[in-house]
Amino acid sequence: QVQLVESGGGSVQPGNSLRLSCLVSGVTFDMLTMGWFRQAPGKEREFVSGVWWNNGNKYYVDSVKGRFTISRDNAKNTVYLEMNSLKPEDTAVYYCAAKFGAVITANNVDYWGQGTQVTVSS
């Protein structure tokens, strides 16, 4: 059984940092393109960042470039999202996602995590 388990969410003040983790089990991790998505209340789920399975290339939505960093540790079957300089508009439920090979989008994900809440507020 494939499982994606996120951790690291919470409530922080603007300007602070959080680090999300996603532990993957039940599937060959290094064959997966991994991504982070988020969904704010009343909004559609959006792509935040992805890291490719084959070359480690990383991609970000424009609104988080320079603030968020995605990384993966294939030895630990884990993908991370380091979030710095957090803003109130980053408030959302953050979901870890996995896709065998290729591009990952909200419409082609093979596996989803359960989500973890991130709240940025003063």
### Query
Does a side-chain N-to-carboxylate-O contact under 4.0 Å join Lys87 and Asp90?
no
Same cluster or not: [X] versus [Y], using hydrophobic residues (I, L, V, M, F, W, Y) connected whenever any side-chain heavy atoms lie under 4.5 Å apart?
X	Y	answer
Val2	Leu32	yes
Met83	Val51	yes
Tyr95	Leu81	no
Met31	Val24	yes

Roughly how far, to the nearest 0.5 Å, is [atom2] of [Y] from [atom1] of [X]?
X	Y	atom1	atom2	result
Thr78	Leu20	OG1	CG	12.5 Å
Thr33	Asn54	OG1	CG	6.5 Å
Glu6	Leu23	CD	CG	10.5 Å
Ser25	Leu4	OG	CG	7.5 Å
Asp73	Phe29	CG	CZ	8.0 Å
Ser71	Met34	OG	CE	11.5 Å

Between the side chain of [X] and the main-chain N/O of [Y], is any donor-acceptor distance below 3.5 Å?
X	Y	value
Lys58	Thr69	no
Thr116	Tyr94	no
Asn108	Val103	yes
Glu46	Arg38	no

#### Entry: is_close_aromatic(Trp52, Tyr59), centroid dist under 6.0 Å
yes
### Task
Return the orientation label for the Tyr111 and Phe100 ring planes: parallel under 30°, perpendicular over 60°, tilted otherwise.
perpendicular
### Task
Check whether any side-chain heavy atom of Ser11 sits under 4.5 Å from a side-chain heavy atom of Ser121, and report yes or no.
no
### Task
Answer yes or no: is there a side-chain heavy-atom contact under 4.5 Å between Lys99 and Asp110?
yes
### Message
Run Leu18 and Asn16 through side chain to side chain contact (heavy atoms under 4.5 Å, CB included) and show every step you take.
### Response
CA-CA 7 Å; Leu18 281 173; Asn16 283 1; over 6 Å; no
Do you know which two heavy atoms are closest between [X] and [Y], and how far apart they sit?
X	Y	value
Ala92	Ala40	CB-N, 3.8 Å
Asn84	Ser17	OD1-OG, 2.8 Å
Val48	Val64	O-CG2, 3.9 Å
Lys43	Gln39	O-NE2, 3.1 Å

### Task
Please step through side chain to side chain contact (heavy atoms under 4.5 Å, CB included) for the pair Val93 and Phe37, ending with a clear verdict.
CA-CA 8 Å; Val93 177; Phe37 293 77; over 6 Å; no
### Query
Is the number of heavy atoms from other residues, nucleotides or ligands under 6.0 Å of Glu89 CD greater than 12?
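Counting neighbours around CD of Glu89, more than 12 heavy atoms of other residues, nucleotides or ligands fall under 6.0 Å, so yes.
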### Task
With Arg67 as the cation and Tyr60 as the aromatic partner, state whether NZ or CZ is under 6.0 Å from the six-membered ring centre and within 45° of the axis.
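That pair does not qualify as a cation-pi contact.
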### Task
Kindly determine whether Cys96 and Trp36 satisfy side chain to side chain contact (heavy atoms under 4.5 Å, CB included), including the steps that lead there.
CA-CA 5 Å; Cys96 177; Trp36 288 95; 3.9 Å; yes
### Query
Which is it for Gln117 and Thr91 under the side chain to side chain contact (heavy atoms under 4.5 Å, CB included) test, yes or no, and what are the steps along the way?
CA-CA 8 Å; Gln117 177 70 46; Thr91 295; 4.0 Å; yes
